[in-house]
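Right, one structure below, let's go through it.
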Protein chains: 2
Amino acid sequence: MAQTYEYPRPALTVDVVVFALDDEDLQVMLIRRKLPPFAGQWALPGGFVRVAETLEEAAQRELQEESGLAGIFLEQLFTFSEIDRDPRERVVTVAYYALVNLAGHDVRASADAAQAAWFPVGELPELAFDHTRIVEVALQRLRGKVRYQPIGFELLPAGFTLSQMQHLYEAVLETPLDKRNFRKKVLGLGLLLRLKERQMDGRHRPAQLYRFDAQRYEKLKKRGLHFEV
Amino acid sequence: MAQTYEYPRPALTVDVVVFALDDEDLQVMLIRRKLPPFAGQWALPGGFVRVAETLEEAAQRELQEESGLAGIFLEQLFTFSEIDRDPRERVVTVAYYALVNLAGHDVRASADAAQAAWFPVGELPELAFDHTRIVEVALQRLRGKVRYQPIGFELLPAGFTLSQMQHLYEAVLETPLDKRNFRKKVLGLGLLLRLKERQMDGRHRPAQLYRFDAQRYEKLKKRGLHFEV
DNA sequence: CCAAAAGTGTTAAAACTACACCCATGA
DNA sequence: TCATGGGTGTAGTTTTAACACTTTTGG
C-alpha cells in the first residue's frame, strides 16, 4: 500500500468536536488514545483521511469507529495547519463540529464507554495535539452562530419542548434567557410545528412538543433568514 | 525530492478568492492557467502546499507569485474535498478569501496583467476545477458575514470616506442602503476615527476621511460586538 | 451659477425588555 | 394539597426605517 510522490506532502486528518447537552451543561466527547503519540491522553475523535473518501465521510467514519455515533449532522469548522501540531510529522487537520442530543437523544448509549467519554466544556482535561485549541474555536463558532442562526435545528430529534430548546440556548450562550420572550421569538419565526403529542415526564404540567419545519427553514434561509437569540 | 509514504495521501492545495471593489462592482481576481489540466482556462490563484509552511503562508506565497499581491488580509473559507475535483489525482484544497481596495488602494497595479485579471462577480468566465463553486461559497460567506460583522475593517487603507464604505456594503449586499441611517449606525459603533484631512477629489464638497480604530475593535470583539448592516 | 457628492434630524412603526401569575400533573 | 415545571400578556423603552433639503467644492 506504500506510495511514492514527487514532492513530500503533509498528512491529512479530520477531527470532530461533538457537543451534547446533558441537562444543564454543554459537554464535549473525548476519546482516550491507545497509541503514541500522547498515548493514554484524551483527544478528539478523528484520524487519517483516505484517498477515496471526502473529508465529511472520513469524519463520519472515524466518529463511528471511535465512538459509535453514526449519521449525525456535521459542520466543517476550520482547517488547522500549524507546522508542529503533530510531533511525528507534518499533519494538517480539518476539524468538524456537531451538536447532538436535545430531547432524549441518548448520546451516552451509543458511545463505547471503554474509550469515549463526555466532559463539560468548562472542565476539560489536558488534550493531545492542539485539540484544546480546536475545542475553543468550535465553542466560539457555536456561540457566534447560535446568535444569528437557528442552529441545532437540522439535528433536532422529532419532538422537543420549548424549554429544552431554551436550555440548549442558555447552555451554549452561558446566559439566562427570558422564558416568555424566548417563546415569543422562536414561535414567531414560524419554523416550529406543534405535534399532537405532549411530553408527560414528571409531576408537572405536560409540555407541548414541537418539531422543526425543515422545508420552511430552507425556504427562509435562501431569502436571508433573520434570527437573533 | 521524491517521497514515499506507507499509505497514499491526498495532495493538498490552497486557492484564494480575492474580491475587490472597483467603483460599483464587486470583482474577483482570476489567473489564466499555463499548464494542464485546464491550460488556458481561468482559475483562482493557488497551488500546492509545501511541508514547511502553514496554509496561510502557502496562500500568501501563491498569491504573491501569481498576482503580485502581498501581505493582504486572508480569511479561511472552506476546505473542499470532492473526490473528483481534480482530474489528475485526489486533491483537497483549502480555500481562502480576501477583500481589497476600499479607498484608492489600486489593486490592478500590483497584478501581473499578462496572467491576472479582474472580473465582475456576475460575469465570471468558465473556471477550472470546481472554482466556480468556490467563488459561490466565498460570495455567500462574504454576504453573510458583512451583515453582522464590520468586515473589511482589518484591511481598509488608512483613510476612507463614509460614502466609500457605504458603496462597499452596497456592492457586497447588492442592495441600496439609506445614507443617513448608514452613517448613524456606523458612526454610532464608535469604531471610526475622524482624520484631520478631508478628501478633495472632484467638483463637489470634500468628504471627511476616517480610519478604523483597530484597538477598540479588538476590545469590543471580545465582548461580543454587535453590528448589523 | 451649475453640477455633484457630502452632510444632517425627525417621526412613526416595530422590536425588544422586563416582569408575575395561573395551569396541569404526579406524588 | 403541594411541588414542579408549563404556559401566557402588557407596558415602557429602544431601535429601526423612511424621508428632503442645505453645504461645499470645481468647472
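Just so we're on the same page: letters track the sequence lines, and every chain starts at 1.
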Rounded to whole angstroms, how far apart are [atom1] on [X] and [atom2] on [N]?
X         : N       : atom1 : atom2 : value
Met200(A) : dT25(C) : CE    : P     : 6 Å
Leu189(A) : dA15(C) : CG    : C1'   : 13 Å
Arg198(B) : dA4(C)  : CZ    : P     : 21 Å
Gln208(A) : dA24(C) : CD    : C1'   : 13 Å
Arg203(B) : dA6(C)  : CZ    : C1'   : 15 Å
Phe182(B) : dG7(C)  : CZ    : P     : 13 Å

query: Quick one: which of dT17(C), dT25(C), dT8(C) gets closest to the side chain of Arg183(B)?
result: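 Of the candidates, dT8(C) comes closest.
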- prompt: Below 4.5 Å, heavy atoms only, C-beta onward: do Leu142(B) and Val17(B) meet side chain to side chain?
  reply: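 A side-chain contact is absent here, since even the closest heavy-atom pair is not under 4.5 Å.
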- prompt: Between Gln199(A) and Pro206(A), is any pair of side-chain heavy atoms under 4.5 Å apart?
  reply: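 No, every pair of side-chain atoms sits at 4.5 Å or beyond.
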Working for side chain to side chain contact (heavy atoms under 4.5 Å, CB included), residues Leu187(B) and Tyr210(B): CA-CA 10 Å; Leu187(B) 289 176; Tyr210(B) 293 86; 3.8 Å; yes
task: Could you pick out which residue, Arg180(A) or Arg205(A), lies toward the 5' side of DNA chain C when each is mapped onto its nearest nucleotide?
output: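 Mapping each residue to its closest nucleotide by heavy atoms, the 5'-most match is Arg180(A).
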query: Going by the angle between their ring planes, with limits at 30° and 60°, are Phe129(A) and His131(A) parallel, tilted or perpendicular?
result: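 Phe129(A) vs His131(A) ring planes: tilted.
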message: Please classify the nucleic acid contact of Lys185(B) as base, sugar-phosphate, or nothing, using heavy-atom distances under 4.0 Å.
response: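 Lys185(B): backbone/sugar contact only, no base atoms under 4.0 Å.
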- request: Run the numbers on Lys145(B) and Glu75(B) for salt bridge (charged side-chain N to carboxylate O under 4.0 Å, His left out), then give the verdict.
  value: CA-CA 12 Å; Lys145(B) 191 145 192 162; Glu75(B) 191 152 315; 2.3 Å; yes
message: Does Leu44(A) form a side chain to side chain contact (heavy atoms under 4.5 Å, CB included) with Ile31(A)? I'd like the steps, not just the answer.
response: CA-CA 6 Å; Leu44(A) 295 171; Ile31(A) 306 288; over 6 Å; no
- prompt: Is the shortest side-chain N/O distance from Lys184(B) to OP1 or OP2 of dG9(C) below 4.0 Å?
  reply: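 Looking at the OP1 and OP2 atoms of dG9(C), neither is under 4.0 Å from any side-chain N or O of Lys184(B).
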message: If you assign each of Asn181(B) and Asp178(A) to its closest nucleotide in DNA chain D, which residue comes earlier from the 5' end?
response: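 Residue closer to the 5' terminus by nearest nucleotide: Asp178(A).
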Any side-chain donor near an acceptor of the partner, Lys179(A) and Gln166(A), under 3.5 Å: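 Note: Lys179(A) and Gln166(A) side chains miss the donor-acceptor criterion.
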message: I'd like the 5' and 3' limits of the part of DNA chain D contacted by chain B, with heavy-atom contacts below 4.0 Å.
response: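 Here the contact window of chain B covers dT16(D) to dG27(D).
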